[in-house]
Amino acid sequence: MKGMRSDIVRILLTRREIASKVAELGKKLSREYAGLEPLMVCVLKGSAIFFSDLCRQMDIPVQMDFIAAASYGRHSGSSGEVRLIKDLDVSIEGRHVLVVEDILDTGLTLHYLTEMLRSRKPASLKVCVLLDKPGRRRVAFEPDYFGFVIPNEFVVGYGLDYAEMYRNLPDICILKEEIYKK
Ligand code: IMP
């Protein structure tokens, strides 16, 4: 943890701020999905920690499944192509589906995933993101639920990575530019 901390400019959102927002979202979702037994869909890997905390803040019966996508050229501004790496295990036809993602950035990943999932005819399909970076959108996309709107900074921690590192930082932190620009 000590080595990782020296790569950080500052903490953007503390673990306490995150926990209280996740509790608030969990309460809201429990009300809105009461009686619907939603299928909570975790978008791997970044959402894993948020997803597990959020599900535990919901006091209604839920089911869980996992999906993963990869995108190319997100930062270079090139292709923006997204592809599926891991599909859901269950059918979502007629189900109330809530996609849970760590961060909405260009919008390409969630645009792709929601189009694909909608074609499978769920009873409803909504999206909950912890972080929204509206300044970097390349396709129009609005989340149904969000935790925090953040500025155009590259953040790590609480599941979010740079090159597969920093996911286990408990706070959401701004990474030093020299780390991801070298
Ligand atoms: P989008 O397709 O550009 O909206 O990006 C969504 C994915 O990009 C997220 O699931 C993250 O994995 C990644 N991402 C976007 N911004 C950041 C960031 O600031 N830190 C870490 N990962 C990010």
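Not measured: the values here are computed from a predicted model. Indexing begins at 1, ligand by ligand and atom by atom, following the structure's order.
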Between Y166 and D7: side-chain donor-acceptor atoms closer than 3.5 Å = yes
Going by the 4.0 angstrom heavy-atom rule, the piece of R136 near ligand 1 is neither
Between Y158 and D53, a side-chain donor and acceptor under 3.5 Å: yes
Among V155, L160, D105, closest by heavy atom to atom 20 (N) of ligand 1 is V155
Just distance, no hydrogens or angles: give the donor-acceptor pairs under 3.5 Å from side chains in residues 121-131, sequence neighbours left out.
unit_1	atom_1	unit_2	atom_2	d
S124	OG	H96	ND1	2.8

Looking only at non-hydrogen atoms, the one of I172, N152, I103 nearest atom 6 (C) of ligand 1 is I103
If the contact criterion is a heavy-atom separation under 4.0 Å, does V43 count as touching ligand 1? no
Note to self: If the contact criterion is a heavy-atom separation under 4.0 Å, does D102 count as touching ligand 1?
What the structure shows: yes
Under 4.0 Å, counting heavy atoms only: does G107 come that close to any atom of ligand 1? yes
| said: Check contact between E153 and ligand 1, using heavy atoms of the residue and a distance below 4.0 angstrom. | reply: yes
### Task
Would you mind checking if D59 and R56 are paired as a salt bridge, meaning a charged N to carboxylate O distance below 4.0 Å?
no
Check the surroundings of atom NZ in K28: do more than 12 heavy atoms from other residues, nucleotides or ligands lie under 6.0 Å from it? no
Residue set satisfying ring-ring contact (aromatic ring centres under 6.0 Å, His included) with F146, at least two apart, ordered chain then number -> none
### Query
Is there a heavy atom in K133 that sits closer than 4.0 Å to ligand 1?
yes
